[in-house]
Structure formats: structure tokens, C-alpha cells
Amino acid sequence: MSNFYNPSQNEERWVSQWEKDVPIHDSKSKGKPFSIVIPPPNVTGSLHIGHSLNYTLQDVFTRWARLKGCSTRWIPGSDHAGIATQAVLEKKLESEGSSKSELGKEAFLKRAWEWKDECRDVIFQQFKKLGITPYWPGERFTMDEQCNKAVKKAFVELYKKDVIFKGNRLVNWDCQLQTAVSDIEVDREDRNGFIWTLEYKTNDGKSIKIATTRPETIFADSAIAVNPNDERFKSYLDNGVNAFIPLVDVEIPIIADDSVDMDFGEGALKVTPAHDHLDFEIGERHDLPIVTILGKDGKLSSHERVPNELHGLNVVAARRKAVEMLENSGSLVDAKKHKSAIGISQRSGSVIEPMLSEQWFLNMKVFKGRALELLKDGSPSFYPERWGGVYGDWWSKVENWCISRQLWWGHQIPAWYPKGDKSKDPIVSENIEEECLSKNHDSKQFVQDEDVLDTWFSSALWPLECFGWPEDDPKENGFFPTSLLITGYDIIFFWVLKMVLMSLAFEDKTPFKEVLIHGLVCDKKGRKMSKSKGNTIDPLEAMDEYGADSLRFALLFNMVPAEVIPFGNDQLVSGQRFMNKIWNAANYINSLEPKNSDFVFYDRSDHWIAQKFNETVASVDKSLEGKDVRKAMQSIHHFFWNEFCDWYLEIAKSRSNNGDLQVASNAKAIMEKFLVISSPFVPFICEDVNLLINNDESLVATRSWPTELEGIDMKESEGFQDIYDSVKSYRKSISILGLSVEEIKEVVIDGSWNQGQEDAFLNILRLKKSGTENGFPIEMAIGKVMIPNIDSSVLSERVDELKRNAEDAEPRIKRLEGQLQNKGFINNAPKDKVQLIRDRLREAQQERDELVKRAAWIQKFSE
RNA sequence: GGGGGGAUAGCUCAGCUGGAUAGAGCGCCUGUCUUACAAACAGGAGGUCGGGGGUUCAAGUCCCUCUCUCCCCA
């Protein structure tokens, strides 16, 4: 028998047994449906600690629902993660000295599928190590056939309803990956740079000064804009003066626009519609021509307006060169240091350029009203509540979502153009052959749009896809809408909103009833974990070292409802200690050789522990209903450690020494029930302990949630609570005297104690009844004991302590008295509150008097 | 610049619709190898609830304001 729990010995065994037996239990069950869809991890690498938290949480709720008799369905899967995967793969190719253009599209996609398979296998291996129990046969991949059907169907339907449309607009362009990205895939970063003041000559022989941070784009200027209220420029506007772009002498108008900030720079700005979002809007208002001088590769093109020296230079080099040329020509007036926010691609880390291009868009605003209306009715309801507000805010400011991407890896857009003519309206169809047949076209004359859809387009359909849409009605088995979504706050907009959008579009329902939002697992100082900082915790290593349960416990026990969840080895160690505590307790119960596991009330401690257990089950249920996993975990921890082990098992020692055979069976009965309520959280050790104490093959995971233990006599339970309190106050008194509990071997029982109380008290403290009659008295809830042969020199400290306690009670008494003298309180407060205060005052006074009396008594005793 | 969260014990957080001596885990201090567990047990210290003002008989809790912090958006 080992004193240490070795978690690794059986982990694999339980994983395979759960996989084998638990789904059968699932489908057999005719209970209330409970469903979850997994936030599918990207097939870009291995899982991190944040995934561990997310999946553990889902497992907790799924296992809990299952034990409570629900028919559960938790769908696992993975996400093709278009841009992320392609970026990873391109980097990999680069390190092999190859590239995607060298490989060609077909071979590249083949590589991508191979990569996906590899990744998926690794990820699923890691899933399983955590001991999670999704419905494995239901696994989906966002690019599998089922999902592809769903994507095509959704696209075509939404296109028909004009929710999806094509447009030539400014989008965020990733020059490295050469694709459009959506607004939220762009991070803002403040970078040090310059703001240059340039002088543009005007056609009335004067000039106008403008300020810009991007002098390399002056060649794409369409106008100079000033505020209409700005007196400085009134004459320019009144006289219709035009300006000339320096270096190239292209003539552009000076226009008035309200959006120009008079206080910024020189009060005038150059308008470059093709390369700035704000300028694009100004351009639209004034119908300005759009001049594009940047290529898709982020380099200056050989547009006729661009000086030869700048052709083919990237933005940074072009800027340097342009400044030099402007300086030489005398157009540069001033250069100041300036911090400006620039867009950085989340995926490639390169600078994002606003770029005019033809893209597909989805008008999210169509669903805004309905989504907000449903949110008001609590659909979905968010935990913690405040995230509902954030979600609502996101909805209220939704815009068009650019859904096309110039990538290879993804769902290709189901739009077909007549060969060689992309300017015509496309045929949008799920099946081009059928479509052409019906219209008497030759399908060979059409080519599919090269672009693919944003990853989140297919992820948005995930809850529908997981339950068979569009072929099957997802509502059929009652699993849709799903019961609960568990995800990180960072993808509320990316994902949660978009799933709601699709479900509103096709089912007019939100796809989940409740949403549990959790924070990011960070290091113990609250910093984001990142490989470059070296502060990551690899879940696989953590599980190898501490066991999967310790990891699960550590994550759950510390899951604060904040944005940042601090996490470190300390948490894992405390998880490990708890597992060890459970293991040792189980071993001890075994050593008592229980004859069965029937719980029979025999001693008052039985009533007490049964009551504590019932309270714990109720607390776990209530906490999980409120999605407070941490509280549930704490209830379990507190019950087991501080009530079951510290008290019940301690008492079991003396009870069994005294020939009580029932206590072992009772301890085992409680332990077995405890295993069931703990199994959603720490499933491995529950199976291990069950095997240890029962030598039984049946799984804890397939049992039923315990019902209340019945037949508790509250008087007995409270009687034990008195003993509990008395032991505590005895220990405290001894400690105040500066003695140790161990050095006192016998006490005098003073007065008439009930026999059971006397036995329990003496046994718990390992004391004997003394033959003498005198001693130092200690008063407790159940009566008085006297400690014989005590050195009277230690007593003065005890007297001081009592006096101090009595004094400490005074301010409180004064306050209560004051409150009762306050007419406002007596007249306005509810009667029961007033009575409460009266009772409290009486108690406080009694307590104080008792302390004073005792102090006097001891003082007399010591003389 | 706009919006939101937060400020309670050394740390991380609870504290419901105002009403007890403000709680938990971890950490810290003291004592103990007591027959499951020293990865344990027993005991203990530690908070003017960010500052100021207001509403109320009564404020950690409601309102205003200031300071500091985190997040999101532009």
C-alpha cells in the first residue's frame, strides 16, 4: 500500500473504458436532452492550457448532466482555420526551401489535408488524455462534406436574400499573405514615426500646407480637404483654387468636408481614397476618383503618376525615398516625431494596407434587431451576466462582414462566372451542373470564383452542422438549440455573434440557451502565456507530472470569473495534494475493513456527516446551475477535507477502536457517493478509488447522481455540532494557555455529561478521565472539563485573554444599544429586524458577562 | 476620443434584492512525525471594503465625483 497516489497507472485504461461504455449509456438514456458543441480547435498545432480549461469545463457539465439522467450529446471536432493554417503551412514550406507557388494549388491542398490529418490526430490524443467524454462518433471537421454542404446552402440562401453581396470596397489587405482580412483580424499598434508637413503649389500662384504621415501616397491623392468653417482656407474654397501634387504636378481640387479636424496639423489634409479608410469615405461623399498606386504585394506600382525612382519599392523604402525627393524639391516644410496607430495582421504580423478590391460581403445589420430582441428575453443568457452586455454592444455596432479571402485553404465560394469574364454577375448555386442543365447552359463554360470563405463563415454554422443541417432537421432529437456554449471572451465577436446570426437566418433561434464565458489562462503574475516569454505551461507536461485530475482540479478550483485566470505550478501542486488526500482516505477506509457500504444511523456523527453531505450535494447542484464551477469545486474540496477527513474519519478511529463496526460501512457509503459527485471534476481518481475500495469493474461515470440521504435527526446532528464546537474551544483554550493538546493526558469531567458526548469528546482528543476532582476549568458548549495539576503560573495569561475578549465586545454592545435608542430605526425598520438587534444585544451582553465572570473565577482559582 | 469592467486579507477572488463580529482558497506565523496522509494535523495573526461627497433609521452593497488599473472599439 502506497502513501502516494500514482495517477498515471490507470489513466489510459479509464480513457478507453469511458470511450467504450459511456456513449452507450448516452444513447440509452431517455432523459432530458443536454447538448454542447465544442469550440473546434484549429488544426494548426497542439493544444494549450486554455483548451484544457475549456474542454474540462464542458466535460464537467456533460458528466454532471449525464449522472443526473440527461440524454447528453457533446459534439467534438476541429476547425480548418483557413488563414492560420495556410500561414503555418507556408512557413513550413519556406523552412523546407519551397513555397506555395512552387508547389501549385493542387499539391498545396494535398499537403494541407495531410497536415490536417496529422494535427487532428495529435489534438484528439491530447483531448483524450484529459479524460473528457464527448460523443466521439459525432466528430465533425469544418471542411468535411457535411459542413461543405451547409456552407454552400447558407451562402446561396443568403445571396438570394441579398444578405450576401459583392462589392468593390476598401478592405484590410495583408500584403504578406496577400488576402483580405476582416476588421477584427487587425490589431492596432502604436508605432513611432513622423508627421511631415508638405507644401502643395496652387494654381493661383500661392500654396497650401498639409500634414501627412504617409508621404509615399501623395501620388494617389484625389483632393485636398479642409474644414468648411476654417477661415484660413475660405479664399481657396471661394475661388475654386486647385493644388498640384508635388514632384508630379497633377492638379487636384481643394474641397470642404466637415470631418476635417481644424486643430490637427495644418488644418488641411490630402485625400487618398484608395489607401485610407477615412479618405475613402470623403472620396465617396465628393465623388472623387480613386487612384491605386500600391500593388497586392504591398509595393508601389508603376502607375503613371508614380515617379520611376519609386517603382517596385515597398512602403517603407518608398517613404524614405519620397521624403528625400520632396526635400530636394523644396516641398518638405517640416518633419515632427509622431506616434500613429497602424494595423498589424494577427496572422502574419505584417502591416495591413487598406486596399480597394472586389470582395464578398455579408450584411450583418439584417439580423441586429432580432438578435437584440432575443437577448432582451434572455436568449441566450450569459454567465457571468455582464458578457451579455458586451455581446449586445457588439451587435449594436455590426457592419458589413468581408467574407471572401484570397487563400487556397478553405471553402471555395459557390459562385460561377462565364469563362474569361469575371465582371458579369455570377451564377450562385450549390450545384453548378444542375443549375446549368436547368437553364440550358454548358457548365463547362463557367469557372468557379477562386476565393474561399472566411473561416468563421463555416464556424458560424457549427451548431447547425453538428446536428445534421441542412439535410436533417437539427431540432429532431431535441439537441438544438444546444443547452450551453462554453468559450473564451476573446471570440464573442468572431464566433458567438456569427453563430447566432446563422441560426437566426435559418432557424430563427439562437443556437444555444446559455453561454458560459471564461477568461484567459495566464501565468501567475497575470501575463498572457506565450512561447516567446517562456511562461507557458504545457498541459501534456503538467499531466505527466501531476496527473490529469490535478490539472483539471487546478483549473476548476481557480476558475475566477475574470478576464485573466492566474495559473502556475502552485495550483497544480494543490491539485496533487487533494488527489493524494482522497487516495489516502480511501486507503484508510479500506483498512477499517467495512463489511458493506450501507449507511445506517448509529452515532450522532452519522447524522452530522449525512447532513453535511446533503448540503454539499445541494451546493454543487446550485453552483453548477449558476455556472459557478469554482464554487462547486470548493464545496467538494471543503466537504471532503474539512468535514469528512478532519472530523468524520477522525471519529471513525475512536469509534472503531471501541468496537463500532458500522462506522466503517458508513464511511465507505459516504465515500462512494462522494466519488459520484466528484467524478465530473476529477474522474480518474474516482474510478481508481472505486476500484480500490470495491474491487469492482463498474464505472463511476455511469452511475446516478446521489439523492438526499434520508432519516437525519437534526437534534443528533446538532448534538454532534456541539461536540465539534466544544473540541475546538477546548483546543483553543489550551493553546491560549501556552500548552499543547498532546501534553494533557487526562481531564476531569465536571457535572453530568451525556455518556455519548463524554465518549466522543474524550476519544477525539485522546484523553482519559482523571480520578482527581480539581483542576483548571474550561467551559464549553457541552459542559465543563477541568485540567488537573496545572501550573498556576500559566493562568494569568488566560485571565488577560478573557479580559481582552470582554473588552473587545464593548464597542459592539455600544453600537447595538445606540441602534436601539435610535427612534428612526425603531420606527422605520421592519419589526423582525428590530427584534433581531434586541436578541443580538442580549447575546452580546451575556457573552461579555460570561467572560468577565470566568476571568474572575480563574483569577480566584490561581490565588 | 468613445464604451465597458474592476479596486474588499500578503496573493487570487466571494459577498443575492441595503440590516450580525465582512468570508474562501492559497500564502504567512506558532506548535506537533498523534496508530490514512509532514504532500499531514492543531492553533493563530492579518481588512478604517481605493479617496471624497450624497441618499437612508441603517451603505462593502444604491447615487454622484475624483484617483488608479484592465479590456474592447476608433
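Letters A, B, ... are given to chains in the order of the sequence lines, protein chains preceding strands, and every chain is numbered from 1.
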Checking contacts here: which listed nucleotide ([options]) is nearest the side-chain heavy atoms of [X]?
X      : options             : value
A:R840 : B:C13, B:C71, B:A20 : B:A20
A:W641 : B:C37, B:C72, B:C41 : B:C41
A:N584 : B:A39, B:A36, B:G19 : B:A36
A:L649 : B:G3, B:A39, B:A36  : B:A36
A:P561 : B:A14, B:A20, B:C72 : B:A14
A:E650 : B:C57, B:U12, B:C37 : B:C37
A:P566 : B:U12, B:A36, B:G19 : B:U12

In whole angstrom, what separates [X]'s [atom1] from [N]'s [atom2]?
X      : N     : atom1 : atom2 : value
A:N587 : B:A36 : CG    : P     : 11 Å
A:Y391 : B:G3  : OH    : C1'   : 18 Å
A:I693 : B:A36 : CD1   : C1'   : 14 Å
A:I744 : B:G43 : CD1   : P     : 14 Å
A:F825 : B:A59 : CZ    : P     : 12 Å
A:D832 : B:G19 : CG    : C1'   : 10 Å
A:Y489 : B:C71 : OH    : C1'   : 6 Å
A:M559 : B:A14 : CE    : P     : 11 Å

Could you check whether [X] gets within reach of a base, just the sugar-phosphate, or nothing at all, counting any heavy atom under 4.0 Å?
X      : value
A:F578 : nothing
A:Q819 : base
A:R766 : base
A:V560 : sugar-phosphate
A:N657 : nothing
A:A844 : nothing
A:Q821 : nothing

Can you list, by residue number, the residues of residues 620-639 of chain A that have a non-hydrogen atom closer than 4.0 angstrom to RNA chain B?
->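 Heavy-atom contacts with RNA chain B come from A:R630, A:Q634.
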Taking only side-chain N and O atoms of [X], does any of them lie within less than 4.0 angstrom of OP1 or OP2 on [N]?
X      : N     : value
A:N828 : B:C57 : yes
A:K397 : B:C73 : no
A:W583 : B:A39 : no
A:R812 : B:U21 : yes
A:K581 : B:A39 : no
A:K833 : B:A58 : no
A:K732 : B:U30 : no
A:R731 : B:G31 : no

Taking pairing as Watson-Crick or G-U wobble with both contacts under 3.5 Å, can you name the mate of [N], or confirm there isn't one?
N     : result
B:C62 : B:G54
B:A40 : B:U32
B:C26 : B:G10
B:A45 : none

Upstream residue (5' side of RNA chain B) when A:K728 and A:G824 are each assigned their closest nucleotide =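 Looking at the nearest nucleotide for each, A:K728 comes out on the 5' side.
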Report the residue (A:Q576 or A:V390) whose heavy-atom-nearest nucleotide on RNA chain B is the more 5′ of the two.
->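 Going by which nucleotide is closer to the 5' end, it is A:V390.
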Have A:K653 and A:N763 got a donor and an acceptor in their side chains that come within less than 3.5 Å?
->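 No, A:N763 and A:K653 have no side-chain donor paired with an acceptor closer than 3.5 Å.
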If you measure only the distance, is there a donor-acceptor pair under 3.5 Å linking the side chains of A:Y391 and A:W395?
->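 On atom types as modelled, these side chains qualify, holding a pair under 3.5 Å.
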Could you measure between the two [atom1] atoms, the one in [N] and the one in [M], and give it in whole Å?
N     : M     : atom1 : value
B:G10 : B:C28 : P     : 15 Å
B:A22 : B:U35 : P     : 39 Å
B:C26 : B:U32 : C1'   : 22 Å
B:G3  : B:U8  : C1'   : 26 Å
B:G43 : B:G60 : P     : 31 Å
B:C41 : B:G4  : P     : 47 Å
B:C29 : B:C68 : P     : 36 Å
B:A40 : B:G47 : C1'   : 30 Å

Salt bridge check: are [X] and [Y] linked by an N-O gap of less than 4.0 Å?
X      : Y      : value
A:R214 : A:E353 : yes
A:R842 : A:D839 : yes
A:E399 : A:K365 : yes

If the plane angle is over 60° it's perpendicular, under 30° parallel, otherwise tilted; pick one for A:W456 and A:F494.
->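 Judged by the thresholds at 30° and 60°, the geometry between A:W456 and A:F494 is tilted.
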Should the ring pair A:F553 and A:F557 be called parallel, tilted or perpendicular, given that the plane angle runs from 0 to 90° and is split at 30 and 60?
->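 If you compare the ring of A:F553 with that of A:F557, the planes turn out parallel.
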If I compare all heavy atoms of [X] with all of [Y], which pair ends up nearest, and what's the gap?
X      : Y      : value
A:S550 : A:G575 : OG-C, 3.6 Å
A:I582 : A:M671 : O-CE, 3.7 Å
A:W401 : A:M364 : CB-SD, 3.7 Å

Backbone N or O of A:I782 within a donor-acceptor pair of the A:S726 side chain at under 3.5 Å?
->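 Yes; at least one donor-acceptor contact below 3.5 Å.
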Can you run down the ring pair (Phe, Tyr, Trp, His ring centres under 6.0 Å) pairs that involve residues 722-743 of chain A, sequence neighbours left out, and say none if there aren't any?
->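 Qualifying pairs: A:W608-A:Y724, A:W647-A:Y724, A:Y730-A:F761.
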